[in-house]
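Encoded as structure tokens, the structure appears first; notes follow it.
For this chain, numbers begin at 1 and follow the sequence in order. Each ligand, and each atom within it, is numbered from 1 in the order the structure gives.
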Amino acid sequence: MGCDDQQNAAKSSLRIQDIAVLMQDHCRMLDPAKVERIINEFVQGGPERMQLVSDFDYTITKQRTEDGSVVPSSFGIFNACQSLPESFKTESDKLYHKYRPIEIDPHMPIPEKVQYMVEWWTKSGALTTGFPFDQSEIDQIASKYKNALRDRTHEFFADLQRLGIPTLVFSAGLGNSVVSLLRQANVMHPNVKVVSNFLQFRNGLLDGFQQPMIHTFNKNETVLDGSEYYNLVHTRDHIIVMGDSLGDADMASGVPASSHIIKIGFLFDHVEANMDKYMKTFDIVLVDDQTMDVPRALLALIEKQHQLKQQSTAQSSR
Ligand code: MG7
Ligand code: MG
């Protein structure tokens with residue numbers, strides 16, 4: 001490398017302290033040098049090598065709204081539908097109270113939890129069977145929560161579309177609610193794919209969920225093996241992962257080991273008690289951040305370098 005080249009390389013390498021959003025008080029990193037290194041890889045690799053994998057509930061929706069109103073989960077939106085039989089609601093509540101504590105038990109090993117989660121989703125599917133149901137009910141409830149998406153979600157999805165970055169919204173919740181909310185918020189662009197549990201119908205009646213079952217602990221790219229989406233993204237080895245639960249950090253496991261991944265964790269509940277684990281699990285931990293500003297800032301850096309490259313190619317081919 002000549003002296004000029006070296007200077008140029010040094011110039012084009014970003015320093016983390018110059019990235020303002022990452023220097024905010026509520027933005028925490030265990031290893032800022034690692035984040036800096038991967039951001040530089042992302043910027044050099046360009047949008048063609050990027051993919052985004054995001055959780056839905058409380059990652060795309062807000063953990064806290066300005067007026068203090070509670071945002072329902074995707075299952076919650078379904079459960080709020082008026083036409084559901086009373087017995088469905090009571091039975092489904094019982095399941096929640098039995099299995100939710102197991103899901104978040106800090107002591108039980110994950111392989112043991114898996115059987116319980118399969119049981120929960122299976123029983124929940126069995127309950128969601130044998131009565132008529134119309135998607136318009138979900139749409140009506142979801143329309144009330146279009147504004148409960150993180151600030152700048154619309155801009156974020158527009159960035160992803162403009163840059164042609166495949167975007168996977170991965171949810172162990174109910175896909176019908178996820179898609180309804182994303183559609184009504186006008187962010188369901190062609191580059192967005194939702195992998196989740198979708199309602200199944202038979203002879204006009206509900207018949208549980210479609211396969212494959214997506215539960216808390218199989219929510220990763222291994223369930224996509226061989227699928228059309230897998231073929232689309234398996235060469236994209238620069239990955240942004242976003243989630244609000246510790247398990248979300250594993251959503252990209254199944255991609256080649258050589259991939260570079262930045263994991264962004266949104267932390268809101270019991271900040272002090274959770275901080276340690278979140279710091280160890282996510283590369284960037286955002287404390288009570290109800291915006292898409294940090295992931296957008298990463299895309300902006302990638303886009304800027306991409307434009308510079310395109311300009312210089314255009315100039316040299318003149
Ligand atoms: N979760 C999982 N299941 C159910 C269900 O049948 N009803 C309700 N209300 N919640 C459920 O977004 C995924 C989260 O939804 C919860 C089968 C789990 O806590 C899961 O992490
Ligand atoms: Mg979530």
- Query: By number and element, which atoms of ligand 1 are closer than 4.0 Å to a non-hydrogen atom of G173?
  - Reply: 12 (O), 13 (C)

- Message: Run the salt bridge (charged side-chain N to carboxylate O under 4.0 Å, His left out) test on D93 and K89 for me, step by step, so that the C-alpha distance in whole Å, both residues' side-chain angles and the decisive distance to 0.1 Å come before the verdict.
- Response: CA-CA 6 Å; D93 270 0; K89 294 181 198 171; over 6 Å; no

- Task: Using a 4.5 Å cut-off on heavy atoms from C-beta on, say whether the side chain of I138 contacts that of L174.
- Result: yes

- Message: Side chains of T167 and F157, heavy atoms from C-beta outward: is any pair under 4.5 Å?
- Response: yes

- Which of these, F78, F217, F209, F75, has its nearest heavy atom closest to atom 3 (N) of ligand 1? F75

- Counting each atom of ligand 1 from 1 as listed, which ones have a heavy atom of R100 under 4.0 Å away? 19 (O)

- Task: Ignoring angles and geometry beyond distance, decide whether S171 reaches within less than 3.5 Å of ligand 1 through its nitrogen or oxygen atoms.
- Result: no

- Could you tell me whether K219 and D55 have a side-chain N and a carboxylate O separated by less than 4.0 Å? yes

- Walk me through it: do Q161 and D159 pass the test side-chain hydrogen bond (donor to acceptor under 3.5 Å, both in side chains)? CA-CA 5 Å; Q161 186 189 23; D159 297 338; over 6 Å; no

- Should the proximity of E103 to ligand 1, defined as any heavy atom under 4.0 Å, be assigned to the side chain, the backbone, both, or neither? side chain

- Of all N, O or S atoms in D57, identify the one at the shortest distance from the Mg ion (ligand 2). O

- What protein heavy atom is closest to atom 16 (C) of ligand 1, reported as residue, atom name and distance in Å? W120 CH2, 3.7 Å

- Task: Flag atom 13 (C) of ligand 1 as yes if some protein heavy-atom distance to it falls below 4.0 Å, otherwise no.
- Result: yes

- Message: Using a 4.0 Å cut-off to any heavy atom of D57, which atoms of ligand 1 qualify?
- Response: 12 (O)

- Message: Between Q140 and S136, do the side chains contain a donor N or O and an acceptor N or O under 3.5 Å apart?
- Response: no

- Query: Heavy-atom distance to atom 2 (C) of ligand 1: which of Y96, W121, Y99 wins?
  - Reply: W121

- Message: So, of the N/O/S atoms that D55 has, which is the nearest one to the Mg ion (ligand 2)?
- Response: OD2

- Task: For E303 and R162, run salt bridge (charged side-chain N to carboxylate O under 4.0 Å, His left out): C-alpha distance rounded to whole Å, both residues' side-chain angles, the deciding distance at 0.1 Å, then the answer.
- Result: CA-CA 10 Å; E303 184 164 29; R162 190 175 61 253; 2.8 Å; yes

- Message: Below 4.0 Å from ligand 1: does a non-hydrogen atom of N79 turn up there or not?
- Response: yes

- Item | F88 and F78 aromatic ring geometry - parallel, tilted or perpendicular at 30°/60° bounds | perpendicular

- Which residue and heavy atom of the protein sit nearest atom 6 (O) of ligand 1, plus the separation: S124 OG, 2.7 Å

- Message: Using a plain distance cutoff, I'd like to know if S92 has any nitrogen or oxygen under 3.5 Å from a nitrogen or oxygen of ligand 1.
- Response: no

- Item | D293/R152 salt bridge by N-O under 4.0 Å criterion | yes

- Item | Shortest-distance N/O/S atom, D244 versus the Mg ion (ligand 2) | OD1

- Hey, which of K34, R28, K263 is the one that makes salt bridge (Lys or Arg N to Asp or Glu O under 4.0 Å) with D283? K34

- Would A172 count as a contact of ligand 1 if the rule is a heavy atom under 4.0 Å away? yes

